[in-house]
Amino acid sequence: MEHLNGYHYFDKRLGPFRNLSSLSEREAEAALQQIREEGRAFASQRSSDYITIRRGLEQLAYEKFTVKTGKPAQDYPHYLTLGVCPWLESWYKEPDHIIIPWEELPAEVVSFTYGDLFPTMRYADGKPYRQQVYTKDEIVELIQTYGLPQEWNPMGERGPERYIEVQVWDNRIIEKYRYIDKSTH
């Protein structure tokens, strides 16, 4: 399952796992405003209601995951992609990534959406994987049916799904990766 490792993309100047959802509403809005003012690539284009929408979608994903026996340790996720997604490097001025092996992603605290959480939950085109959250076992079955979006839709010309998103609902999973010095690898 090597191609099913989790990939976390980030700007190496800022470091990994910087998460607006871990901040208060006021702090998140201030951070997003700073990103907009600095014109930091993709994130600078986010709408004024981005934080409100994001928190609502995260709550929806949380609820859908717990119905499927997920046991989130916190009320917001950290985000990864399932498999490599070169397109995400275009979001950052100095892109970098961390790989978390499939085996280190515990099923009880990891959920998946077929595509980024935003379009998956909001895009109404009738595809069966829209508005769904998947478990680790379910996403493997879905990949067998549809493949990896980053392979069949790398530039987004066939819809908004360009990767499978991994939601990690436990800080303990990402903690050992937060401070990796990649210069020694």
Side-chain angles (χ1 to χ4, degrees), residues 1-23 28 40-43 46 50 54-55 57-62 64-66 68 70-92 94-121 129 132-143 146-154 156 160-182 185:
M1 293 238 169
E2 183 178 325
H3 72 285
L4 293 184
N5 291 329
Y7 285 71
H8 176 70
Y9 292 87
F10 60 96
D11 190 314
K12 70 173 71 176
R13 297 170 304 151
L14 301 172
F17 300 108
R18 295 175 53 94
N19 192 332
L20 290 171
S21 298
S22 68
L23 304 173
R40 279 196 234 149
F42 189 84
R46 292 178 172 151
Y50 172 79
R54 175 177 170 148
R55 292 210 164 136
L57 293 175
E58 288 174 343
Q59 180 61 36
L60 180 61
Y62 178 96
K64 288 178 177 276
F65 184 45
T66 57
K68 292 188 172 196
K71 296 181 177 26
Q74 60 203 42
D75 59 0
Y76 65 89
H78 288 282
Y79 296 98
L80 313 173
T81 64
L82 193 58
V84 65
C85 183
W87 174 71
L88 285 178
E89 292 179 347
S90 72
W91 288 22
Y92 306 103
E94 293 185 37
D96 204 351
H97 68 274
I98 290 171
I99 301 170
I100 300 181
W102 176 258
E103 300 76 28
E104 293 185 26
L105 297 170
E108 65 274 4
V109 294
V110 178
S111 62
F112 302 84
T113 50
Y114 197 83
D116 184 274
L117 184 64
F118 268 68
T120 294
M121 294 301 179
Y129 46 77
Q132 302 295 317
V133 171
Y134 296 96
T135 65
K136 204 169 177 181
D137 288 338
E138 290 171 332
I139 202 65
V140 171
E141 292 176 22
L142 200 68
I143 292 167
Y146 296 103
L148 291 170
Q150 57 265 51
E151 292 176 358
W152 60 263
N153 193 30
E161 57 278 88
R162 294 186 193 204
Y163 52 86
I164 292 172
E165 186 173 84
V166 184
Q167 298 93 29
V168 179
W169 299 92
D170 190 337
N171 281 331
R172 293 173 295 185
I173 305 308
I174 59 105
E175 205 55 40
K176 78 179 194 177
Y177 296 95
R178 191 181 295 264
Y179 304 107
I180 289 178
D181 180 1
K182 293 187 75 169
H185 290 58

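All values below come from the heavy atoms of this structure, side chains included, with hydrogens, waters and symmetry mates left out.
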Exercise. So do Glu89 and His97 actually touch side chain to side chain, heavy atoms under 4.5 Å?
Worked result: yes
Problem set entry | With sequence neighbours excluded, residues passing ring pair (Phe, Tyr, Trp, His ring centres under 6.0 Å) with Tyr129 | Tyr114, Tyr146
For this session: Evaluate the ring planes of His78 and Tyr76, with Trp represented by its six-membered ring, and classify them as parallel (under 30°), tilted (30 to 60°) or perpendicular (over 60°).
Result: perpendicular
For this session: State, without any angle test, whether Asp116 and Tyr163 hold a side-chain donor-acceptor pair at a distance under 3.5 Å.
Result: yes
Problem set entry | Min side-chain heavy-atom separation Thr81-Glu165 under 4.5 Å | no
For this session: Evaluate the side-chain proximity of Glu161 to Trp152: yes if any heavy-atom separation is below 4.5 Å, no if none is.
Result: yes
Problem set entry | Minimum heavy-atom distance Ala73-Val109, with the two atoms named | N-CG1, 4.5 Å
Seminar exercise, completed: Separation between CZ (Phe10) and CD (Glu94), nearest 0.5 Å, reads 11.0 Å
For this session: Quick one: closest heavy-atom pair of Gly6 and Leu105, and the distance?
Result: N-CD1, 4.1 Å
Exercise. Can you list the residues that meet the salt bridge (charged side-chain N to carboxylate O under 4.0 Å, His left out) rule with Asp170, with sequence neighbours excluded?
Worked result: Arg172
For this session: Grab the two heavy atoms, one from Tyr9 and one from Pro86, that are nearest each other, plus how far apart they are.
Result: OH-N, 4.3 Å
For this session: Any chance you could lay out the ring pair (Phe, Tyr, Trp, His ring centres under 6.0 Å) test for Tyr79 and His8, step after step, and finish with the verdict?
Result: CA-CA 7 Å; Tyr79 296 98; His8 176 70; 9.1 Å; no
Exercise. Side chains of Thr113 and Gln167: do they bring a donor and an acceptor to under 3.5 Å?
Worked result: yes
Exercise. Can you find a heavy atom in the side chain of Tyr177 that is under 4.5 Å from one in the side chain of Glu104?
Worked result: yes
Problem set entry | Minimal non-hydrogen separation, Phe17 against Ile98, with atom names | CE1-CD1, 4.2 Å
For this session: Would you verify whether the NZ or CZ of Lys136 falls within 45 degrees of the ring axis of Phe112 while also being under 6.0 Å from that six-membered ring's centre?
Result: no
Seminar exercise, completed: Trp102 and Asn5 have their tightest heavy-atom pair at N-OD1, 2.9 Å
For this session: Search all heavy atoms of Trp87 against all heavy atoms of Pro154 and return the closest pair with its distance.
Result: CB-O, 3.9 Å
Problem set entry | Atom pair CG (Leu82) and CG (Leu148), whose distance is rounded to the nearest 0.5 Å | 6.5 Å
Exercise. With a 4.5 Å heavy-atom cut-off, do Val110 and Trp169 have their side chains touching?
Worked result: no
